[in-house]
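Each remark here refers to the structure printed beneath this line.
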Amino acid sequence: MEEVTATVVMEGAVVGPEGAEATTAEKKGFKVVVAVDDSENSHYALSWAIDYILANRREDCQLVVLHVQHFVETTFMYPVAGHAVYAPTLSMDAVRKAHEENSKRVISRAVDICKSKHVDALTAVADGDPKDAICEAAEKLHADLLVVGSRGLGMIKRAFLGSVSDYLAHHAKCPVLIVKPPKGSHK
Amino acid sequence: MEEAKERTGTGKKRVMVAIEEHECSHYALEWTLLNLKPTISSPLLLITVQPFSPFTYVAAASYSSPPQELIQSMQEHQKQAALALLEKAKEICAKHGVDVETITEMGEPKEVICQVAEQRNIELLVMGSHARGAVERFFLGSVSNYCVHHAKCPVLVVKQDSGKKN
């Protein structure tokens, strides 16, 4: 049973040029980056990617699971009767912790899916606005293919119907595969 | 939800590639054949859709109903162009040793592509995308954009590198 070989965490601000690279060696393989978040769609996308692509190209395929944390505001301002009050550090920490817990949960769920299908996967976490962060990460990782679910990438699931996947289809440097939820399921 | 009912026996999928008038579709086709060939179940479907639209401006230009011969020659010309595109696509597939089935339809390209994808139970739709020029950031070819949103199956958008990067 394969397990996750390495974990690359690119934390801090948006993935910067000094961020760690997922692969140090230039592998000639086919690198598939799957962007996941909390939604069922992205987990379905991950399963789909594994079943389809890796199953048929196992030898030289490398899978990377990418999760983007929403950028945590370092200061919260609560306008109270015209005066801005900085949020107490306690609540900021709590929020940050919650975000990290969430990330961990998402990544571990994704890793479970990979393990259950006997697939090695690297994991990567990036911070910032999902759209840009995923694009940048895909570039940094030299992705040959970027796979995303069709909607609900990010926390604001209802508002943007697939705007992230749309953005990625426009802007990512590599081909983008958008996986829709299976027929018959409502989202 | 995990068990995809679309999964075929060997895990290969029915793939359809939309061929449009821009070379980006051929690029998308090449990319798919180069990188995803083992995953494609035979035959690979190629679809090209001739739009009805030219006739609207022809009618306007002629001040009334355009002469029959003009319409016919335009249709002929369009058909020739579509066939040429398909031929080139078939050549590309033959080069990679992939069986091909071609579909030609008339109508609104984006709608027809999605309809056919559903009718033929396609499991992966591949489209090229011509993002070039000043509007590069804002305009993903409207056909591919439409299909990304409306196709029921997964869609792969392969962008042709115009060479300039931001």
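All values below were derived from every heavy atom in this structure, side-chain atoms included, with hydrogens, water molecules and symmetry-related copies excluded. Chain naming here is simple, since letters A, B, ... match the order of the sequence lines and numbering starts at 1 in each.
- Residue contact with chain A, scored on non-hydrogen atoms closer than 4.5 Å, is absent for B:L125.
- Between the CG atom in B:L124 and the CD1 atom in A:I178 there is a gap of 11.0 Å [rounded to 0.5 Å].
- A pairwise comparison of heavy atoms in A:K180 and B:H150 identifies NZ-N, 4.0 Å as the closest pair.
- For the atom pair CD of B:E123 and CH2 of A:W48, the computed distance is 8.0 Å after rounding to the nearest 0.5 Å.
- Formation of a donor-acceptor pair under 3.5 Å by the A:K173 side chain with backbone atoms of B:K159 is not found in this model.
- Between A:L177 and B:P154, the shortest heavy-atom distance links the atoms CD2-CB, 4.0 Å.
- With values rounded to the nearest 0.5 angstrom, B:L36 atom CG is found 10.5 Å from A:D144 atom CG.
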- Task: Kindly indicate, with the supporting measurements, whether the criterion side chain to side chain contact (heavy atoms under 4.5 Å, CB included) is fulfilled by A:F30 and B:L34.
- Result: CA-CA 11 Å; A:F30 186 64; B:L34 277 172; over 6 Å; no

